[in-house]
There are 2 protein chains.
Amino acid sequence: MRIYLAGPEVFLPDPLAVGAAKKAICVRYGLTGVFPLDTPALMPSGPPDWRRIHAANEMHIQSCDALVANLTPFRGTAADSGTVFELGYMRGLGRPVFGYTHAPADYRARVADARRLGEIWRDGEGLEVEDFGLAENLMLEGAIAASGGVLLRGQAPGGWTDLALFERCVAEVSRRILPQPNSGSRLSPSS
Amino acid sequence: MRIYLAGPEVFLPDPLAVGAAKKAICVRYGLTGVFPLDTPALMPSGPPDWRRIHAANEMHIQSCDALVANLTPFRGTAADSGTVFELGYMRGLGRPVFGYTHAPADYRARVADARRLGEIWRDGEGLEVEDFGLAENLMLEGAIAASGGVLLRGQAPGGWTDLALFERCVAEVSRRILPQPNSGSRLSPSS
């Protein structure tokens, strides 16, 4: 099974290193990780860089059976918009989506200027702040749940390259989408 | 043609008012606007609120021919994550996606701590800042362009309820996806 590895790690100084580390974890769980910066089988040619990168990533997602997104807040309260787009895209394809975030607090608690006005929480601009006990906007959480996935929360003392929570998420992917043998570990089918 | 009206206006104190105003504009361009808070033909029952809202919105998007997203930055550098998810979802369905933003500056210029290091712009954390002259992450812009849509930028002196740029975007939707008569206005087919 091929798993698309969505997340803002593509912006790290050494993105290929974290991509390789993520793929190595996938292998240990019987999965093939596909990193956004991988070269697709049929690389689109012609248009400017950003269009080619976009086209390659959509091809990658189409080629995968499920998606694991790093939904850690990125330059604001919510996850990286490119990552969120990819989560939505895979859900539009009808395939399972999973997520994890290194910000364990509820979304509402992460909006610094949220205040309760009657029944509703609102930010300093008067805009409602979702208060469902979720980590992210309900569309992301709803899609993950409806697709059979999970959104895991945890600390990451090592920052963006800390892959402990990612590994827990990959374990969930493996458990939920890989064909299960009658019993025992799916990682040792011959045992 | 049915157009899904994605955006953080659902969080305004009076979301139904702006929803009604957006739908009225759609009508003038020969389109039917579908607002996230509309009740879908078959409202899902049972699970807790956030799951029902998510399910209803996915149903709405499935029922639409195109999507117009308000991609104005929301609680950070990028667009509202729920809106971005919906944009990705519609793109995953293979249908046209359009956007507009009330922040006219390039994405890179909106990252306050972006600094140029060699060929690459990086933020204070060392993460790369996209510098393609785009308003949003390349996945969003790439999807909009590849689907035949446009992403419009403009000022909004009236804030979240200022619909001038939204109307320009709806005019683009109408021009690009409605069947065109031989000549003249598509809004007066009998003339």
Side-chain angles (χ1 to χ4, degrees), chain A residues 8-13 15 36 47-55 57-58 61 71 73-95 110-111 120 122-123 125-130 132-134 136-143 145-146 159-160, chain B residues 8-13 15 36 47-55 57-58 61 71 73-95 110-111 120 122-123 125-130 132-134 136-143 145-146 159-160:
Chain A
E9 291 88 350
V10 292
F11 302 124
L12 286 171
D49 272 356
W50 60 274
R51 288 181 192 249
R52 292 182 69 204
I53 299 169
H54 159 264
N57 287 353
E58 284 198 357
I61 299 170
L71 297 174
F74 184 77
R75 294 177 190 152
T77 309
D80 167 50
S81 59
T83 301
V84 175
F85 172 89
E86 294 178 336
L87 181 78
Y89 185 84
M90 185 60 111
R91 172 68 179 159
L93 297 181
R95 302 175 198 166
R110 299 203 317 271
V111 178
I120 308 282
R122 296 197 177 278
D123 65 14
E125 230 186 328
L127 295 168
E128 181 169 348
V129 179
E130 287 189 1
F132 296 109
L134 303 175
E136 252 290 352
N137 181 285
L138 68 84
M139 290 307 296
L140 284 64
E141 295 251 13
W160 291 107
Chain B
E9 291 89 349
V10 293
F11 302 124
L12 287 170
D49 271 358
W50 60 273
R51 288 180 192 251
R52 292 183 69 203
I53 299 170
H54 159 262
N57 287 352
E58 284 199 356
I61 299 170
L71 297 175
F74 185 77
R75 294 175 190 153
T77 309
D80 166 50
S81 58
T83 301
V84 175
F85 172 89
E86 294 179 336
L87 181 80
Y89 186 84
M90 185 60 112
R91 172 68 180 159
L93 298 181
R95 303 175 197 166
R110 299 203 317 273
V111 177
I120 308 281
R122 297 197 176 275
D123 66 14
E125 231 185 326
L127 296 168
E128 181 169 349
V129 179
E130 287 189 2
F132 296 109
L134 302 175
E136 253 290 354
N137 180 285
L138 69 83
M139 290 306 296
L140 284 66
E141 296 252 14
W160 290 106

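Naming: A, B, ... by sequence-line order, numbering from 1 per chain. Just so you know, these numbers use all the heavy atoms, side chains as well, and skip hydrogens, waters and symmetry mates. Given the structure is predicted, the values throughout are model-derived calculations rather than measurements.
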task: Apply side-chain contact (heavy atoms from CB on, under 4.5 Å) to A/E128 and list each qualifying residue two or more places apart in sequence or on a separate chain.
output: A/I120, A/R122, B/F11
- line: Turns out that what part of B/L71 lies under 4.5 Å from chain A's heavy atoms comes down to neither
message: Which atoms of A/E141 are under 4.5 Å from chain B, going by heavy atoms: the side chain, the backbone, both sets, or neither?
response: both
message: Using heavy-atom distances under 4.5 Å, tell me whether A/V129 contacts chain B through its side chain, its backbone, both, or neither.
response: both
statement: Greatest number of non-hydrogen atom pairs under 4.5 angstrom with chain B, of A/P73, A/G76, A/G142, falls to A/G142
statement: Residue pairs passing the salt bridge (charged side-chain N to carboxylate O under 4.0 Å, His left out) test with at least one member in residues 78-88 of chain B, sequence neighbours excluded, are none
- request: Please look at B/A55 and chain A and tell me whether the side chain, the backbone, both or neither of the residue comes under 4.5 angstrom of a heavy atom of that chain.
  value: neither
B/L134 side, atom CG; A/R51 side, atom CZ - distance, nearest 0.5 Å: 9.0 Å
query: Got a second to check how far B/Y89's OH is from A/M139's CE, nearest 0.5 Å?
result: 8.0 Å
message: Please identify, among A/P13, A/A78, A/G159, the residue contributing the most non-hydrogen atom pairs under 4.5 Å to chain B.
response: A/P13
query: Which of the residues A/H54, A/R91, A/E125 is involved in the greatest number of heavy-atom pairs with chain B at under 4.5 angstrom?
result: A/H54
query: Side-chain contact, heavy-atom cut-off 4.5 Å: B/F85 with A/N137?
result: no
message: For chain A, which candidate among B/A79, B/G126, B/A143 shows the most heavy-atom pairs at distances under 4.5 Å?
response: B/A143
message: Please rank B/V111, B/T83, B/L140 by heavy-atom pairs under 4.5 Å with chain A and give me the top one.
response: B/L140
statement: Of all heavy-atom pairs linking B/W160 and A/L127, the shortest is NE1-CD1, 3.5 Å
- request: Might you point out which heavy atoms bring B/V84 and A/S81 nearest each other, and give the distance in Å?
  value: CG1-O, 3.2 Å
